[in-house]
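Some notes on the structure that comes next.
If you read the sequence from its start, that first residue is 1, and numbering goes on from there. Note that the structure is predicted; figures quoted are calculated from it, not measured.
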Amino acid sequence: MKIGYDAKRLFHNTTGLGNFSRDLIQVLSRYYPENEYHLFNPKPKKIDRLTIDNKTIFEHLPTQFIDKKLSSLWRSKKCIKDLKNEGINIYHGLSAEIPVGIEKTTIKSIVSIHDLIFLRYPQFYKKIDVAIYTKKTKNALKNADLIVAISEQTKQDIIQFFKTDPKKIKVIYQGCHKAFKSKASIEISQKTIQKYKLPQKYILNVGTIEFRKNLLSIVEAIKGTDINLVVIGRKTPYYEKIDALIKKEGLKNQVFFLQGLTIEELACVYQLASIFVYPSLFEGFGIPIIEALYSATPVITSKNGCFSEAAGPHSIFVDPKNYSELKDNILKLWGDPDLCNQMATFGLDFVQKFNDEIIANQWQETYLNLLNKND
């Protein structure tokens, strides 16, 4: 098969959607090298985190002067000409978009939907962005041959907000980077500890520091304790609320903010953590949760939503807005290493369902079934 991909995030995003895109292409090319994977990148500037080998993976940029200048238009519509020229069998929109008009061609199309947070929590977005995201998602859901949601929660949101036929939606979970699946050496661990001045024992939170991720609840929960908190994520204006609380409660020596880690260093910090705490208000799936489980680190996360899908039955689930409940469970694990080890063992067993080979097989089967499906 020749499979084309919307590669904007793959080449230009260092976090969530970018990681999903890169991980998917790497996994597929490893397990199914007989396919060709064509990455349609609207702009030359890129993140060099994917090897383009010119045997199974190919990058395509706009070639016409006008398309280079109007790269967004090329990505959203005019790239169809290039898809045809390359003989693409299936086009996969990796982030809720497919080119307008692709349904009028013989090219099959799939769209991945990660979440509909912009509709569930529109107050977190600019009104113009909500309008744009809604329009693009609506077009993709209507015209794609198949919709793939990254969780059952996201599938139900698609049905709820867009009245989409459930039969048109398939759920395929995400995996995570291979760095989280191997034990860091003692040397790398020591270097990471020294470089980032990590405390001897700590709880960990990973994710953009924004209202929805609810870091404030963790800081509230460690008040009056000697528990250290390590936070890894990009700061937004919401950080000012966190900083004000830290100063007010005298927690400066207990809360550590890190940025700029390599993926290997990040994996190491996960493995060194005593507990991973993720009281997010809402997610499409929650990749940091499975990163923690692969790292053999016990997880405390939120009730409801998609969190049980990612965290499995042996994690601890709390009301993310209930500081007292969160605190009680952090203290419970903090003082019980046997329970932590038990949760880590069960969690590591559960998370194997997100292994690369399983996910690659699911995608290969999905592509083949779509290609062989008669209209």
Side-chain angles (χ1 to χ4, degrees), residues 2-29 35-103 105 107 109-115 117-118 125-126 128-140 143-144 148 150 174 177 208 210 233-234 236 259-260 262-263 284 287:
K2 286 189 173 184
I3 309 164
Y5 295 88
D6 171 13
K8 176 183 176 180
R9 265 81 180 190
L10 186 150
F11 286 113
H12 300 271
N13 188 321
T14 60
T15 56
L17 293 176
N19 289 335
F20 162 74
S21 302
R22 288 183 290 271
D23 290 345
L24 178 61
I25 299 303
Q26 287 171 331
V27 165
L28 283 169
S29 64
N35 297 332
E36 290 184 9
Y37 304 95
H38 293 258
L39 312 179
F40 290 84
N41 179 18
K43 293 182 180 180
K45 183 181 179 182
K46 63 183 181 181
I47 299 161
D48 294 318
R49 292 188 181 178
L50 183 71
T51 301
I52 307 299
D53 59 15
N54 294 321
K55 294 180 181 178
T56 58
I57 304 175
F58 307 83
E59 180 186 2
H60 302 280
L61 291 156
T63 56
Q64 300 297 316
F65 176 79
I66 189 64
D67 292 335
K68 292 178 182 179
K69 290 294 182 182
L70 302 174
S71 59
S72 293
L73 179 61
W74 178 81
R75 173 176 175 251
S76 64
K77 186 173 183 179
K78 295 188 70 178
C79 68
I80 290 176
K81 181 179 179 181
D82 296 277
L83 300 179
K84 291 178 179 178
N85 290 339
E86 292 296 333
I88 298 300
N89 304 121
I90 297 174
Y91 181 84
H92 186 170
L94 294 170
S95 54
E97 295 181 55
I98 58 173
V100 175
I102 196 169
E103 71 277 6
T105 73
I107 301 168
S109 61
I110 293 177
V111 65
S112 283
I113 305 293
H114 298 264
D115 61 67
I117 296 172
F118 61 91
Y125 298 82
K126 296 177 182 177
I128 185 65
D129 288 338
V130 172
I132 292 170
Y133 297 158
T134 301
K135 182 178 180 180
K136 288 182 175 181
T137 303
K138 188 174 182 180
N139 171 72
N143 294 308
V148 175
I150 64 165
Q174 296 178 242
H177 195 280
T208 303
E210 59 183 347
R234 178 178 59 84
T236 72
Q259 287 184 307
T262 66
I263 196 74
I287 288 294

Open item on the list: Please check: side-chain N/O of T105 versus main-chain N/O of I107, any donor-acceptor pairing under 3.5 Å?
Closed with: yes
Open item on the list: Can you give me the closest heavy-atom contact between T236 and E210, atom names plus distance?
Closed with: OG1-CA, 3.7 Å
Task: Side-chain heavy atoms of I287 within contact of Q174, under 4.5 Å - done: yes
Open item on the list: Nearest 0.5 angstrom please: F58 CZ to T56 OG1, how far?
Closed with: 7.0 Å
Open item on the list: If you compare all heavy atoms of A140 against all heavy atoms of V111, which two are closest, and at what distance to 0.1 Å?
Closed with: CB-CG2, 3.8 Å
Open item on the list: Donor-acceptor pair, distance only, cut-off 3.5 Å: does the side chain of S29 make one with the backbone of Q26?
Closed with: yes
- [ ] Please check if any side-chain donor atom of R9 sits under 3.5 Å from a side-chain acceptor atom of S95, or the reverse.
- [x] yes
Task: Non-hydrogen atoms of I98 and S109 that approach each other most closely - done: CD1-OG, 4.1 Å
Task: Spacing of CG belonging to L24 relative to CG belonging to N19, to within rounding of 0.5 Å - done: 12.5 Å
Task: Over all atoms of both residues, closest heavy-atom pair of T137 and I113 - done: CG2-CD1, 4.2 Å
Open item on the list: Quick one: does any side-chain atom of N89 pair with a main-chain N or O of K2 as donor and acceptor, under 3.5 Å?
Closed with: yes
Task: Inter-residue atom distance S21.OG - D6.CG, 0.5 Å rounding - done: 7.5 Å
- [ ] For the pair Y37 (side chain) and L28 (backbone), establish whether a donor and an acceptor sit closer than 3.5 Å, ignoring hydrogens and angles.
- [x] yes
- [ ] Mind checking the CD1-SG spacing from I102 to C79? Nearest 0.5 Å is all I need.
- [x] 7.0 Å
Task: Distance in Å, T134 OG1 paired with D129 CG, rounded so as to fall on 0.5 Å steps - done: 10.0 Å
Task: Closest contact, heavy atoms only, L39 versus A7 - done: CB-CB, 3.7 Å
TODO: Mind listing the closest non-hydrogen atom pair of Y91 and P99 along with its distance?
DONE: CE2-CD, 3.2 Å
Task: Contact check, side chains of K84 and D82, non-hydrogen atoms, under 4.5 Å - done: no
Task: ring pair (Phe, Tyr, Trp, His ring centres under 6.0 Å) between H114 and F20, intermediate numbers included - done: CA-CA 10 Å; H114 298 264; F20 162 74; 4.6 Å; yes
TODO: For residues L10 and I25, determine if any side-chain heavy atom of one lies less than 4.5 Å from a side-chain heavy atom of the other.
DONE: yes
Task: Rounded distance (nearest 0.5 Å) linking atom CG of L94 with atom CG of N13 - done: 11.5 Å
TODO: Taking H12 for its side chain and K43 for its backbone only, find out whether a donor-acceptor pair lies under 3.5 Å.
DONE: yes
Open item on the list: Does the plane of the ring in H92 sit parallel, tilted or perpendicular to the ring in Y5? Use 30° and 60° as the thresholds.
Closed with: tilted
- [ ] Count the heavy atoms of every other residue, nucleotide or ligand shown that sit under 6.0 Å from CD of Q64, and state whether that count exceeds 12.
- [x] no
- [ ] Check whether any side-chain heavy atom of I117 sits under 4.5 Å from a side-chain heavy atom of Y125, and report yes or no.
- [x] yes
Open item on the list: Using only atom types and a distance under 3.5 Å, with no angle test, would you say the side chain of R75 pairs donor to acceptor with the backbone of P42?
Closed with: no
- [ ] Give the intermediate values and the outcome of side chain to side chain contact (heavy atoms under 4.5 Å, CB included) for residues F40 and E59.
- [x] CA-CA 6 Å; F40 290 84; E59 180 186 2; over 6 Å; no
TODO: Dump the intermediate steps for salt bridge (charged side-chain N to carboxylate O under 4.0 Å, His left out) on K8 and E97, then the final yes or no.
DONE: CA-CA 11 Å; K8 176 183 176 180; E97 295 181 55; over 6 Å; no
- [ ] Keeping to residues at least two apart or across chains, list the salt bridge (Lys or Arg N to Asp or Glu O under 4.0 Å) pairs with something in residues 61-73.
- [x] D67-K78
- [ ] Indicate whether any N or O donor in one side chain lies under 3.5 Å from an N or O acceptor in the other, for N139 and N143.
- [x] yes
Task: Any side-chain heavy-atom pair of H60 and N41 under 4.5 Å - done: no
